[in-house]
Amino acid sequence: MRIEMREGYEGTGPGAITPDGCAVELYSRLPIGQEPDIIAAAVPAGAHILELGSGVGRMTHPLLERGFTVTAVDESAEMLERVQGARTICSPIEQLDLGETFDVVMLASFLVHAGDVEVRRGLLRTCVRHVAPGGGVLIQREGENYHTGLPRERVDPSGFTVRMVSAEPVGDGVNSVHAEYVFPDAVWTQTFLARPLTQDQFEEALAEAGLRVDSYLTPDGIWVRAVPVTAAD
(Lines give C-alpha, C1' and ligand atoms only; values in the text may rest on other atoms or scores of the structure.)
Protein backbone atom coordinates (compact mmCIF):
# COMPACT_ATOMS: atom_id res chain seq x y z
CA MET A 1 0.00 0.00 0.00
CA ARG A 2 1.44 3.36 -1.03
CA ILE A 3 1.13 6.18 1.50
CA GLU A 4 0.38 9.60 0.06
CA MET A 5 2.84 12.46 0.45
CA ARG A 6 2.12 14.53 3.55
CA GLU A 7 0.81 18.00 2.77
CA GLY A 8 3.60 20.56 2.69
CA TYR A 9 6.31 17.93 2.19
CA GLU A 10 8.20 17.18 -1.00
CA GLY A 11 11.36 15.44 -2.13
CA THR A 12 13.25 15.11 -5.40
CA GLY A 13 16.11 12.95 -6.61
CA PRO A 14 16.82 9.36 -7.61
CA GLY A 15 14.92 6.50 -5.99
CA ALA A 16 11.93 6.20 -3.68
CA ILE A 17 10.70 9.28 -1.80
CA THR A 18 8.87 8.81 1.52
CA PRO A 19 5.66 10.63 2.58
CA ASP A 20 7.69 13.27 4.43
CA GLY A 21 9.97 13.95 1.46
CA CYS A 22 12.97 11.83 2.50
CA ALA A 23 14.86 9.99 -0.24
CA VAL A 24 15.64 6.39 0.67
CA GLU A 25 18.86 6.27 -1.34
CA LEU A 26 20.06 9.56 0.17
CA TYR A 27 19.56 8.37 3.74
CA SER A 28 21.34 5.15 2.89
CA ARG A 29 24.39 7.25 2.01
CA LEU A 30 24.39 9.76 4.88
CA PRO A 31 26.92 9.02 7.64
CA ILE A 32 25.93 8.79 11.28
CA GLY A 33 27.62 11.07 13.79
CA GLN A 34 27.91 10.89 17.58
CA GLU A 35 24.24 10.07 18.15
CA PRO A 36 24.69 6.34 18.93
CA ASP A 37 27.30 7.19 21.58
CA ILE A 38 25.01 9.85 23.11
CA ILE A 39 22.17 7.34 23.26
CA ALA A 40 24.33 4.52 24.63
CA ALA A 41 25.58 6.75 27.43
CA ALA A 42 22.03 7.70 28.45
CA VAL A 43 20.30 4.31 28.64
CA PRO A 44 20.88 1.01 30.47
CA ALA A 45 23.16 -1.54 28.86
CA GLY A 46 21.24 -4.03 26.76
CA ALA A 47 18.04 -1.96 26.83
CA HIS A 48 15.20 -2.66 24.42
CA ILE A 49 14.76 0.50 22.36
CA LEU A 50 11.68 1.46 20.37
CA GLU A 51 13.07 3.64 17.59
CA LEU A 52 10.35 5.83 16.11
CA GLY A 53 11.22 7.02 12.61
CA SER A 54 14.14 4.67 12.06
CA GLY A 55 14.47 5.27 8.33
CA VAL A 56 17.06 3.00 6.74
CA GLY A 57 18.63 2.14 10.10
CA ARG A 58 21.43 4.72 10.31
CA MET A 59 21.10 4.67 14.11
CA THR A 60 19.52 1.22 14.35
CA HIS A 61 22.59 -0.62 13.15
CA PRO A 62 25.13 1.13 15.44
CA LEU A 63 22.80 0.57 18.40
CA LEU A 64 22.54 -3.13 17.58
CA GLU A 65 26.34 -3.27 17.42
CA ARG A 66 26.43 -1.78 20.93
CA GLY A 67 24.32 -4.64 22.28
CA PHE A 68 20.86 -3.06 22.34
CA THR A 69 17.68 -4.71 21.09
CA VAL A 70 15.86 -2.40 18.68
CA THR A 71 12.33 -2.35 17.32
CA ALA A 72 12.44 -0.03 14.31
CA VAL A 73 9.29 1.83 13.24
CA ASP A 74 8.86 3.83 10.05
CA GLU A 75 5.95 4.66 7.78
CA SER A 76 8.04 3.84 4.69
CA ALA A 77 8.35 0.19 3.71
CA GLU A 78 11.16 1.18 1.34
CA MET A 79 13.15 2.59 4.25
CA LEU A 80 12.57 -0.47 6.42
CA GLU A 81 13.81 -2.78 3.65
CA ARG A 82 17.30 -1.40 4.40
CA VAL A 83 17.13 -2.26 8.12
CA GLN A 84 18.98 -5.45 9.08
CA GLY A 85 18.97 -7.30 12.40
CA ALA A 86 16.07 -5.50 14.05
CA ARG A 87 12.36 -6.14 14.32
CA THR A 88 10.68 -3.73 11.91
CA ILE A 89 7.15 -2.29 11.95
CA CYS A 90 5.70 -0.24 9.10
CA SER A 91 3.30 2.35 10.54
CA PRO A 92 2.83 6.09 10.90
CA ILE A 93 4.28 6.87 14.33
CA GLU A 94 1.27 8.79 15.59
CA GLN A 95 -0.98 5.76 14.93
CA LEU A 96 1.27 3.17 16.55
CA ASP A 97 -0.13 1.09 19.42
CA LEU A 98 1.79 -2.14 19.93
CA GLY A 99 0.26 -3.04 23.28
CA GLU A 100 3.72 -3.40 24.80
CA THR A 101 6.30 -1.17 26.49
CA PHE A 102 10.03 -0.60 26.11
CA ASP A 103 12.94 0.47 28.30
CA VAL A 104 13.62 3.37 25.95
CA VAL A 105 11.51 5.13 23.33
CA MET A 106 13.47 7.25 20.88
CA LEU A 107 12.05 10.12 18.82
CA ALA A 108 14.95 11.51 16.78
CA SER A 109 15.32 13.42 13.50
CA PHE A 110 13.66 16.58 14.91
CA LEU A 111 10.25 14.89 14.59
CA VAL A 112 9.05 16.73 17.70
CA HIS A 113 9.14 19.89 15.55
CA ALA A 114 6.36 18.62 13.25
CA GLY A 115 4.54 21.59 11.75
CA ASP A 116 1.13 20.11 12.52
CA VAL A 117 0.48 20.41 16.27
CA GLU A 118 -1.87 17.42 16.19
CA VAL A 119 0.85 15.29 14.61
CA ARG A 120 3.29 16.36 17.32
CA ARG A 121 0.74 15.50 19.99
CA GLY A 122 0.24 12.11 18.39
CA LEU A 123 3.99 11.47 18.30
CA LEU A 124 4.40 12.29 21.98
CA ARG A 125 1.34 10.24 22.97
CA THR A 126 2.91 7.29 21.18
CA CYS A 127 6.09 7.80 23.22
CA VAL A 128 4.14 7.85 26.48
CA ARG A 129 2.05 4.83 25.47
CA HIS A 130 5.11 2.68 24.84
CA VAL A 131 7.59 3.63 27.58
CA ALA A 132 7.88 1.13 30.43
CA PRO A 133 7.63 2.18 34.08
CA GLY A 134 11.03 3.53 35.05
CA GLY A 135 11.98 3.96 31.38
CA GLY A 136 12.77 7.08 29.43
CA VAL A 137 12.04 8.87 26.17
CA LEU A 138 14.99 10.23 24.18
CA ILE A 139 14.10 13.18 21.97
CA GLN A 140 16.23 15.04 19.44
CA ARG A 141 15.45 18.76 19.13
CA GLU A 142 16.54 21.27 16.53
CA GLY A 143 19.58 23.37 17.35
CA GLU A 144 19.00 26.92 18.54
CA ASN A 145 19.82 28.52 15.16
CA TYR A 146 18.38 25.84 12.90
CA HIS A 147 16.01 28.24 11.13
CA THR A 148 18.28 31.31 11.03
CA GLY A 149 21.38 32.42 9.15
CA LEU A 150 20.21 30.82 5.91
CA PRO A 151 21.33 29.89 3.38
CA ARG A 152 24.27 27.96 4.81
CA GLU A 153 26.12 24.86 3.75
CA ARG A 154 28.44 22.23 5.11
CA VAL A 155 30.85 20.08 3.15
CA ASP A 156 31.09 16.60 4.63
CA PRO A 157 34.55 15.00 4.81
CA SER A 158 33.24 12.15 2.67
CA GLY A 159 32.69 14.55 -0.22
CA PHE A 160 29.07 15.70 -0.37
CA THR A 161 27.51 19.08 0.47
CA VAL A 162 24.47 19.76 2.66
CA ARG A 163 22.75 23.09 1.99
CA MET A 164 20.05 24.51 4.22
CA VAL A 165 18.59 26.82 1.62
CA SER A 166 15.63 28.52 3.27
CA ALA A 167 13.07 28.49 6.07
CA GLU A 168 10.07 30.51 4.95
CA PRO A 169 7.18 31.29 7.32
CA VAL A 170 3.88 29.76 6.17
CA GLY A 171 1.71 30.84 9.10
CA ASP A 172 0.90 29.75 12.65
CA GLY A 173 4.56 29.70 13.66
CA VAL A 174 5.51 27.10 11.05
CA ASN A 175 8.32 27.34 8.50
CA SER A 176 8.68 25.59 5.17
CA VAL A 177 12.29 24.40 5.19
CA HIS A 178 14.16 23.55 1.99
CA ALA A 179 17.37 21.50 2.03
CA GLU A 180 19.67 20.21 -0.70
CA TYR A 181 22.13 17.31 -0.64
CA VAL A 182 24.69 17.44 -3.43
CA PHE A 183 26.80 14.37 -4.22
CA PRO A 184 29.23 14.00 -7.11
CA ASP A 185 26.78 11.71 -8.90
CA ALA A 186 23.34 12.83 -7.67
CA VAL A 187 21.37 15.65 -6.06
CA TRP A 188 18.45 15.29 -3.66
CA THR A 189 16.19 17.97 -2.22
CA GLN A 190 13.71 17.92 0.64
CA THR A 191 11.03 20.41 1.60
CA PHE A 192 9.27 19.97 4.93
CA LEU A 193 7.27 21.83 7.55
CA ALA A 194 8.88 22.53 10.92
CA ARG A 195 7.77 24.46 13.96
CA PRO A 196 10.59 26.17 15.90
CA LEU A 197 10.22 25.63 19.65
CA THR A 198 11.96 27.54 22.38
CA GLN A 199 13.03 25.50 25.40
CA ASP A 200 9.93 26.68 27.26
CA GLN A 201 7.65 25.78 24.35
CA PHE A 202 9.30 22.38 24.04
CA GLU A 203 8.85 21.66 27.74
CA GLU A 204 5.21 22.83 27.55
CA ALA A 205 4.61 20.40 24.68
CA LEU A 206 6.08 17.59 26.75
CA ALA A 207 3.95 18.53 29.75
CA GLU A 208 0.81 18.48 27.64
CA ALA A 209 1.64 14.86 26.72
CA GLY A 210 2.40 13.88 30.33
CA LEU A 211 6.18 14.06 30.06
CA ARG A 212 8.83 16.16 31.79
CA VAL A 213 12.49 16.74 31.09
CA ASP A 214 14.72 14.50 33.19
CA SER A 215 17.97 15.84 31.72
CA TYR A 216 19.48 17.59 28.72
CA LEU A 217 22.04 15.12 27.44
CA THR A 218 24.18 17.46 25.34
CA PRO A 219 25.46 20.99 26.06
CA ASP A 220 23.51 22.36 23.08
CA GLY A 221 20.27 20.89 24.43
CA ILE A 222 19.57 18.98 21.22
CA TRP A 223 19.30 15.57 22.91
CA VAL A 224 16.91 15.27 25.84
CA ARG A 225 15.84 12.49 28.16
CA ALA A 226 12.19 12.83 29.24
CA VAL A 227 10.19 10.70 31.64
CA PRO A 228 6.48 10.32 32.31
CA VAL A 229 5.02 12.66 34.91
CA THR A 230 4.11 10.81 38.10
CA ALA A 231 1.96 11.65 41.10
CA ALA A 232 5.16 12.44 43.01
CA ASP A 233 5.92 15.24 40.54
Side-chain angles (χ1 to χ4, degrees), residues 1-30 32 35 49-61 70-84 86-98 105-127 129-130 137 139-142 146-147 162-181 183 186-197 205 209:
M1 180 181 70
R2 182 172 179 81
I3 303 175
E4 294 298 319
M5 189 71 66
R6 292 175 181 258
E7 185 176 354
Y9 293 74
E10 183 181 4
T12 67
I17 305 292
T18 69
D20 58 357
C22 295
V24 175
E25 181 59 34
L26 166 64
Y27 278 84
S28 297
R29 295 187 183 199
L30 292 179
I32 190 67
E35 287 88 349
I49 299 173
L50 177 64
E51 184 185 3
L52 302 175
S54 66
V56 297
R58 291 171 59 240
M59 278 199 277
T60 315
H61 298 137
V70 182
T71 294
V73 177
D74 203 277
E75 66 181 353
S76 166
E78 292 94 342
M79 286 282 196
L80 290 175
E81 286 173 1
R82 308 289 181 105
V83 176
Q84 302 294 323
R87 171 192 181 196
T88 59
I89 296 172
C90 189
S91 170
I93 297 168
E94 59 268 35
Q95 297 176 15
L96 187 72
D97 190 352
L98 298 178
V105 179
M106 189 167 71
L107 186 69
S109 303
F110 313 141
L111 291 174
V112 75
H113 292 271
D116 187 329
V117 172
E118 287 305 316
V119 169
R120 183 188 71 206
R121 287 170 175 157
L123 299 176
L124 292 174
R125 283 195 296 265
T126 294
C127 292
R129 190 159 52 238
H130 291 91
V137 179
I139 300 172
Q140 185 183 26
R141 304 168 59 218
E142 294 173 346
Y146 187 81
H147 293 258
V162 181
R163 294 194 184 108
M164 298 299 296
V165 179
S166 59
E168 299 294 336
V170 294
D172 190 34
V174 177
N175 289 338
S176 177
V177 181
H178 183 70
E180 297 176 351
Y181 301 82
F183 286 74
V187 176
W188 286 273
T189 73
Q190 184 181 8
T191 301
F192 56 95
L193 299 180
R195 181 181 297 274
L197 298 171

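The analysis underlying the following values was restricted to heavy atoms, covering all of them including side chains, and did not include hydrogens, waters or symmetry mates.
- Considering only heavy atoms from C-beta on, P92 comes within 4.5 Å of R6 through its side chain.
- Under the salt bridge (Lys or Arg N to Asp or Glu O under 4.0 Å) criterion, E35 pairs with no residue at all, not counting sequence neighbours.
- Remark: the T60 side chain and the E51 side chain contain an N/O donor-acceptor pair separated by less than 3.5 Å.
- A pairwise comparison of heavy atoms in E142 and P196 identifies OE1-CA, 4.1 Å as the closest pair.
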Subject >> From CA spacing to verdict: side-chain contact (heavy atoms from CB on, under 4.5 Å), V24, I17 >> reply: CA-CA 6 Å; V24 175; I17 305 292; over 6 Å; no
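- For the atom pair CD1 (I139) and OG (S109), the distance works out to 13.0 Å, reported to the nearest 0.5 Å.
- Side-chain atoms of T88 do not come within 3.5 Å of backbone N or O of A72 as any donor-acceptor pair.
- Residues L107 and L123 are in side-chain contact: their nearest non-hydrogen atoms beyond the backbone lie under 4.5 Å apart.
- Side chain of Y9 to main chain of L193: a donor-acceptor pair is present (N/O by atom type, distance under 3.5 Å, no hydrogens or angles).
- Between R129 and D97 there is a side-chain heavy-atom pair separated by less than 4.5 Å.
- You'll find the side chain of V70 stays beyond 4.5 Å of the side chain of R87, heavy atoms only.
- Minimum heavy-atom separation, M5 to P19: SD-O, 3.1 Å.
- Here the side chains of V56 and D74 are not in contact, with every heavy-atom distance at 4.5 Å or above.
- In this structure, the side chains of L30 and R58 come closer than 4.5 Å at one or more pairs of heavy atoms.
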Original post:
Could you go step by step and tell me if H178 and S166 meet the side chain to side chain donor-acceptor pair (under 3.5 Å) rule?
Top reply: CA-CA 5 Å; H178 183 70; S166 59; 5.8 Å; no
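- Taking 4.5 Å as the limit, some side-chain heavy atom of L52 sits within range of a side-chain heavy atom of V105.
- Remark: the backbone N or O of P14 is paired with a side-chain donor or acceptor of W188 at under 3.5 angstrom.
- The shortest non-hydrogen separation linking S91 to V73 is O-CG1, 3.8 Å.
- Partners of E118 by side chain to side chain donor-acceptor pair (under 3.5 Å), not counting sequence neighbours, listed by chain and number: R121.
- The residues D172 and R195 are annotated as salt-bridged, a charged nitrogen and a carboxylate oxygen being separated by less than 4.0 angstrom.
- What you find for V174 and G115 is that their closest heavy atoms are CG2-O, 3.5 Å.
- Considering all non-hydrogen atoms of both residues, D20 and E75 come closest at N-OE2, 4.3 Å.
- Between C22 and M79, the closest side-chain pair of non-hydrogen atoms falls below 4.5 Å.
- A perpendicular orientation is assigned to the rings of Y146 and F110, their planes being inclined by more than 60° (bins at 30° and 60°).
- Residues forming a salt bridge (Lys or Arg N to Asp or Glu O under 4.0 Å) with E25 (at least two apart in sequence, or on another chain): R29, R82.
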Subject >> Chi angles and distances behind the side-chain contact (heavy atoms from CB on, under 4.5 Å) call for E168, N175 >> reply: CA-CA 5 Å; E168 299 294 336; N175 289 338; over 6 Å; no
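- The OG atom of S76 sits 8.0 Å away from atom CD of E81, with the distance rounded to the nearest 0.5 Å.
- Taking each heavy atom of Q190 and G21 in turn, the nearest pair found is CG-O, 3.4 Å.
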**OP:** Apply side-chain contact (heavy atoms from CB on, under 4.5 Å) to L111 and I93, showing your working.
**Re:** CA-CA 10 Å; L111 291 174; I93 297 168; 3.7 Å; yes
**OP:** Starting from the C-alpha separation in whole Å, work towards a yes-or-no answer on side-chain contact (heavy atoms from CB on, under 4.5 Å) for H130 and L98.
**Re:** CA-CA 8 Å; H130 291 91; L98 298 178; 3.7 Å; yes
